[in-house]
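Here is the structure we will look at.
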Amino acid sequence: MVADASGDHSTAKLWALLGGIASLLSILTWLGASNAAELKNLLSESSPPGSPSASTPGIARPPVHLPGDSGGSGGSGDSGSSRGSGASDTSETPDAGQGSDDKPDPGPTTPPPDPTEEAFKARSPGDCLPLYDTGRGGDTRIAWNVNVPPAPVSCSDARALVRVTATDTTCPTGDGKSYWSYQSVTTGTTRTLCLSRIYHAYYCLLGRQSGDSISLGPMTAVACRREPVPVSYNQIMHITGVYRAPAGATAANCRQSAGDRTRYWAWLMDDGATLLCTTIYQGG
């Protein structure tokens, strides 16, 4: 009896094993796996129950941080703060952070105003100015009495010594004509005033006498008194009259009466339109 029971039990176990193998083969066939290795790979690719799938839209897999990880590789999109998050990170990424210290391009800058240039720009043709040559530049250049064009005055004012005839152009030349140019160190622009001398009777100018001839400093002006004059000159010429020049005008036209024996020196100014009569100043 014992032997028979043991044989039946073994037979039952064999049938149970065969049934389990058959069930396993059925499962493999249903899953598309032909052997145990493929079943293992299939199971390893499956996500645990309840865990988000990597392919599920809208769900991101959180980064895994390990001890000692600086975190620089885990923060996708946080490039502005990743630099310097770990003190031990001494590696240098090309172009990384190079723009952090760059200042924005301010664009073209407006040069500061040049007061002298502004004064030149403010003068217009027809303006009369209290401006004259001091004579300190000799006969090679004009040394104006001011550094900046002065404010205009009335052309009938005794202080008006030149008239602006044109600006920023080539100026005419001749006795009683000159110009004043200025190049701005700020803008590089050159400004020019074309000038014509205004003469007043009883004013004085500078002259240089050589024998019986006197050359005039036509743009000069000087106080009518005996005092040292600039080295290029040796006479003070006193204006006795400013007249409309008659045809063929000479110094004889400067006589104020038939019996006038005064020695006059005369010049034709304004392209021959004006007769300027002078004598050597004899005052104190």
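Each residue takes its place number in the sequence, starting with 1. Bear in mind that the values here come from a model prediction, so they are computed numbers and not experimental data.
- Side-chain contact between Ile280 and Ile236 is absent, with no heavy atoms from C-beta onward closer than 4.5 Å.
- Taking the side chain as every heavy atom from C-beta outward, Leu131 and Trp144 approach each other to under 4.5 Å.
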Query raised in the report: Yes or no on salt bridge (charged side-chain N to carboxylate O under 4.0 Å, His left out) for Lys177 and Asp271, after CA distance, side-chain angles and deciding distance?
Result: CA-CA 9 Å; Lys177 297 179 181 180; Asp271 298 322; 2.6 Å; yes
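- Defined by atom type and a distance below 3.5 Å, a donor-acceptor pair is missing between the side-chain atoms of Glu117 and Thr186.
- Just one of Asp114, Thr192, Thr190 meets the side chain to side chain donor-acceptor pair (under 3.5 Å) condition when paired with Tyr182; it is Asp114.
- Counting heavy atoms from C-beta on, the side chains of Leu268 and Leu275 come closer than 4.5 Å.
- Between Val153 and Leu129, every side-chain heavy-atom pair lies at or beyond the 4.5 Å cut-off.
- Using a 4.5 Å cut-off between side-chain heavy atoms of Ile, Leu, Val, Met, Phe, Trp and Tyr, with links allowed through other members, Val146 and Met219 fall into the same hydrophobic cluster.
- Pro218 places none of its side-chain heavy atoms less than 4.5 Å from the side chain of Arg197.
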**Report entry** From CA spacing to verdict: salt bridge (charged side-chain N to carboxylate O under 4.0 Å, His left out), Arg191, Asp168
**Finding:** CA-CA 5 Å; Arg191 303 288 177 180; Asp168 300 333; 3.4 Å; yes
Determine all donor-acceptor pairs shorter than 3.5 Å in which one atom belongs to a side chain in residues 254-263; sequence neighbours excluded.
unit_1 : atom_1 : unit_2 : atom_2 : d
Ser257 : OG     : Asp260 : N      : 3.4
Asp260 : OD1    : Thr262 : N      : 2.9
Asp260 : OD1    : Thr262 : OG1    : 2.7
Asp260 : OD2    : Gln256 : N      : 3.0
Asp260 : OD2    : Tyr264 : OH     : 2.5
Arg263 : NH1    : Asp212 : OD1    : 3.2
Arg263 : NH2    : Asp212 : OD1    : 3.0
Arg263 : NH2    : Asp212 : OD2    : 2.8

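- The closest side-chain heavy-atom distance from His238 to Cys224 is below 4.5 Å.
- For the pair Leu205/Tyr132, no side-chain contact is recorded, criterion being any heavy-atom separation below 4.5 Å from C-beta on.
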